[in-house]
Amino acid sequence: MNKHNMQLLQELSQKNGPLCVGLDTDPSYIPENILKTYESPAAAVLAYNKAIIERVANDKSACCFKVQIAYYEAMGLEGMKVYSETLKAVRASGLMAISDIKRGDIGATSDAYAKAHFKGDFETDIITINPYMGFDTLVPFSKWAAPEMGGKGAFVLLCTSNPGMTDIEHQELKTGGLLLERVGNEIARIGEEYKQFYADQTCGVLGAVVGATQEADARYLRDKYADTFFLIPGYGAQGGAARIAATLLDKAGGAVNSSRGILCAYKKDAELAGKLEAGTLTMADIADAAARNSIFSKNDLLGAKASL
């Protein structure tokens with residue numbers, strides 16, 4: 001049976017729990033005394049990423065990792081090598097890799113973006129894309145969902161977690177409804193189109209980004225797009241509640257992202273308070289704190305879902 005990557009991620013979320021660990025790893029998140037032991041900040045980031053990937057995969061506390069490319073671009077050429085090595089480590093761990101690149105441009109340019117991130121040095125399983133230049137910009141990405149192209153996936157921005165989302169996504173159309181609904185309908189349409197290749201699919205090849213900070217939209221969007229798997233940002237450091245995420249995890253389900261809450265968990269870890277104050281933390285210490293927070297977050301999300 002053919003399975004596309006969104007289907008595989010859905011299955012992993014059911015098996016390991018819905019947590020997505022965000023590797024938006026800024027060097028400033030790593031304590032100074034640890035940074036100084038590496039030849040460069042980028043080298044420290046790679047070591048930290050690999051340590052977290054190994055622990056989370058062993059604990060089965062998450063279904064995927066989301067790697068935000070901006071943090072690696074900011075470190076220059078060495079940073080992009082770290083980005084590539086991080087994606088390789090995620091995929092080797094048996095979990096899914098989501099590259100948070102938010103691309104979206106005219107056809108030929110999107111074609112090049114798709115090639116850049118679905119094969120070669122930066123190959124990933126699923127990417128994020130921005131649909132607001134028009135739906136023709138989705139085609140160069142969605143065609144990679146076909147079996148002969150590797151069944152690649154993409155999350156399309158639908159209802160994001162930032163306050164400014166109302167500036168565009170919540171605007172009413174002259175034809176009726178909200179702009180975000182027009183996007184959601186297109187995501188669902190493409191999912192139906194690809195059923196011809198994946199007869200037994202339980203979610204569409206394209207997923208949707210739906211923030212855990214928008215409580216008023218959660219139940220409506222989950223019911224309206226019942227067959228769409230969601231990427232759910234905003235949980236944790238951005239203030240999104242587990243109960244909102246739990247609503248979004250209904251139906252086709254989703255993956256709930258936590259980045260800083262996990263990467264910087266050592267700052268609030270009672271077991272490490274003394275070492276933090278003394279400046280004697282090790283890389284193993286901060287990775288262990290991240291792993292403990294991953295387990296906590298997984299259980300928090302599962303508990304909220306069970307209480308619905």
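Heavy atoms only: backbone and side chains are in, while hydrogens, waters and symmetry mates are out.
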Examine the side chains of T202 and Q10 and answer whether a donor and an acceptor come within less than 3.5 Å of each other. yes

Looking only at side chains, do Y266 and D288 share a donor and an acceptor under 3.5 Å apart? no

Between [Y] and [X], is there a side-chain heavy-atom distance shorter than 4.5 Å?
X    : Y    : value
L95  : C64  : no
R55  : V21  : no
N58  : E54  : yes
I286 : Y48  : yes
D227 : K251 : no
L158 : E169 : no
L23  : Y72  : yes
E271 : D285 : no

Please evaluate residues I262 and L19 with respect to the criterion side-chain contact (heavy atoms from CB on, under 4.5 Å), reporting the C-alpha separation (whole Å), side-chain torsions for both, the decisive distance (0.1 Å), and the verdict. CA-CA 11 Å; I262 291 174; L19 181 67; 3.9 Å; yes

Where does the angle between the aromatic ring planes of Y71 and Y29 fall among parallel (under 30°), tilted (30 to 60°) and perpendicular (over 60°)? tilted

How are the rings of Y83 and H117 set relative to one another: parallel (under 30°), tilted (30 to 60°) or perpendicular (over 60°)? perpendicular

Would you find more than 12 non-hydrogen atoms of other residues, nucleotides or ligands less than 6.0 Å from [X] atom [atom1]?
X    : atom1 : value
K102 : NZ    : yes
Q196 : CD    : yes
K224 : NZ    : yes
L173 : CG    : yes
E172 : CD    : no
E277 : CD    : no
F296 : CZ    : no

Could you go step by step and tell me if L231 and K66 meet the side-chain contact (heavy atoms from CB on, under 4.5 Å) rule? CA-CA 10 Å; L231 175 61; K66 182 174 74 67; 4.0 Å; yes

Within residues 127-141 or reaching into it, pairs that qualify as side chain to side chain donor-acceptor pair (under 3.5 Å) - sequence neighbours excluded: D100-T128

For the residue pair [X] and [Y], what are the closest heavy atoms and their distance?
X    : Y    : result
Y235 : A241 : CD1-C, 4.4 Å
A42  : V82  : O-CG2, 3.4 Å
S161 : G211 : CB-CA, 4.0 Å
T124 : K152 : O-NZ, 2.7 Å
C203 : M6   : SG-O, 3.6 Å
F65  : I53  : CZ-CA, 3.5 Å

Are [Y] and [X] connected into the same hydrophobic cluster when the rule is that any two of I, L, V, M, F, W, Y join if their side-chain heavy atoms are below 4.5 Å apart?
X    : Y    : value
I187 : I168 : yes
F230 : M165 : no
M133 : V139 : no

Roughly how far, to the nearest 0.5 Å, is the NZ atom of K88 from the OG1 atom of T86? 10.5 Å

OG on S258 to NZ on K298, rounded to 0.5 Å: 15.0 Å

Does the [X] side chain pair with the main chain of [Y], one donor and one acceptor, at a distance under 3.5 Å?
X    : Y    : answer
S307 : A304 : yes
N33  : G279 : yes
S93  : V90  : yes
K15  : K60  : no

Electrostatic pair E85-K81, nearest N-O below 4.0 angstrom: no

Answer yes or no: is there an ion pair linking D26 with R260, defined by an N-O contact shorter than 4.0 Å? no

Evaluate salt bridge (charged side-chain N to carboxylate O under 4.0 Å, His left out) for K3 paired with D200, printing each intermediate quantity in order. CA-CA 8 Å; K3 292 185 180 183; D200 298 316; over 6 Å; no

Yes or no on side-chain contact (heavy atoms from CB on, under 4.5 Å) for L263 and I52, after CA distance, side-chain angles and deciding distance? CA-CA 9 Å; L263 294 173; I52 293 174; 3.7 Å; yes

Taking it one step at a time, do E78 and S40 satisfy side-chain contact (heavy atoms from CB on, under 4.5 Å)? CA-CA 9 Å; E78 188 180 5; S40 68; 2.6 Å; yes

Residue pair K36, E32: steps toward the salt bridge (charged side-chain N to carboxylate O under 4.0 Å, His left out) verdict: CA-CA 6 Å; K36 287 191 281 191; E32 187 63 32; 5.4 Å; no

Mind checking salt bridge (Lys or Arg N to Asp or Glu O under 4.0 Å) for K195 and listing every partner two or more places apart, or none if nothing turns up? E192

Option passing side chain to side chain contact (heavy atoms under 4.5 Å, CB included) with C159 (candidates L248, D217, L178): D217

